[in-house]
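Contents: one structure, followed by commentary.
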Amino acid sequence: MAIYLDHAATSPLRPPVLEAMLPHLTANAGNPSSLHASGRRARKAIDEARETIAGLIGAQPREIVFTAGGTEADNLAVKGAAWAATPRGRHLITTAVEHKAIMNTTAILERANFGVTYLPVDRSGRVDPVDVAVALTERTTLVSVMAANNEVGTLQPIVAIGEIVRGHGAKLHVDAVQWAAHLPIDVNAWQADLVSLSAHKLGGPQGVGALYVRRGTQLLPQLQGGSQERQRRAGTENVAGIVGFAAAFELARAEAEAEADRFRELSSRLRAGLLALEGVSLTGHPEDRLPNNVSVVIDGVEGGDLVAALDLESVEVSTGSACTSGSTEPSHVLLAMGIDPHLAHGSLRITTGPETTSADVEAALAAIRAVLPRLRAVPGMHPKVAATA
Ligand code: PLP
């Protein structure tokens, strides 16, 4: 078995979650829109899951819209809110470090004549709430800021941003996909109007997520079809997925507090082990960060080569975001943080999960220690050589 240290990419389905899902894929399967008993059973299962998820984030059940994952939730939030508000303006604000599910969505809106301000971040990846206040104009209708960064783990000052946005009257969207597994969410404390969630980042199944939509928030549906999800998201609901999402979220929240200390301990061992190596620097905020995320840049190696070499040693990690892996461009997040592009090529993200032990962490560090000199010996990859190439 490989040592899996890529929970920010996907956190494998927890066994009790699978157990909760199975009946809805087999004996209890039904279409929630059907009027017969099987349909009603499926509807009831969704209603209960909706209630659970709403309860975990301080929302009302009717404010939860199930989607096919975090990407769809982000698309629905940004496009849905932006298009619905066009009579009032066509200006959006987001940050330079968002996930591609936001970045590529705002890029499409720019092509449709929306103006988008991409807020800068500091060296730790944090947005300054003052920059949000400065960027807001009369025509701004939506501000979209992620709660926790998927690459470097930095947490954003959402409460302060929420205060500013509420005072202005624009809507606030928070991508909480990475945050939800580890830290509590209260949509009212955030003063958020829209919040994206994804099940597979917290031990649930892939391909299911949710968008919290505050009552009264105008949203133009992005899928046309039946009247599911109160006409906000057409399509037959992923019943088993939704049940699994609720079970996983409940489990993650129940364990989060106790787990946070364990994650911090594992992260601190990883950081110490990595910093003992030459040419390694930590990325992201030193304290305000996801407890299970360790991210670094390593001089003189290509992150993708390191990930491949570690894979051969049965250690599974990432260069940053799963979606950026395989691209030869350094991550937009690291560049926005002002990290030298040459150094940004050597990014490494290690994210632990419920099954990770200290022995796993030690084995991963040993593997990194073993492969690094080999990679650095590859001609053309020495920092000085690469810098002048
Ligand atoms: N937003 C963030 C911050 C993410 O990390 C991810 C997944 O990597 C997404 C959105 C997309 O979620 P999903 O994989 O469920 O589409």
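Start at 1 and go down the list; that is how both ligands and their atoms are numbered.
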Quick one: look at [X] and ligand 1, take heavy-atom pairs under 4.0 Å, and tell me if it's side chain, backbone, both or neither.
X      : result
Glu72  : neither
Ile102 : neither
Gln206 : neither
Thr71  : both
Met146 : side chain

Counting each atom of ligand 1 from 1 as listed, which ones have a heavy atom of [X] under 4.0 Å away?
X      : answer
Asn150 : 3 (C), 5 (O)
Asp74  : 1 (N), 10 (C)
Ser198 : 13 (P), 15 (O)
Gly69  : 15 (O)
His200 : 13 (P), 14 (O), 15 (O)

Is a side-chain N or O of [X] found less than 3.5 angstrom from the main chain of [Y], in a donor-acceptor match?
X      : Y      : answer
Arg271 : Val294 : no
Thr105 : Asn75  : no
Thr94  : Ser144 : yes

CA sep, side-chain torsions, deciding dist, call: Asp261, Arg264, salt bridge (Lys or Arg N to Asp or Glu O under 4.0 Å): CA-CA 5 Å; Asp261 283 343; Arg264 283 198 194 94; 3.6 Å; yes
Plane angle bin for Phe245 and Phe249 - parallel if under 30°, tilted between 30 and 60°, otherwise perpendicular: parallel
Contact check: His99 vs ligand 1, nitrogen or oxygen atoms, below 3.5 angstrom: yes
Contact (N/O only, under 3.5 Å) between Ala101 and ligand 1: no
More than 12 heavy atoms of other residues, nucleotides or ligands under 6.0 Å from [atom1] of [X]: is that the case?
X      : atom1 : value
Glu278 : CD    : no
Gln60  : CD    : no
Glu255 : CD    : yes

Interatomic spacing from NE2 in His7 to OG1 in Thr352 - rounded to 0.5 Å: 7.0 Å
Heavy-atom nearest option to atom 7 (C) of ligand 1, drawn from Lys100, Lys201, Glu98, Gln178: Lys201
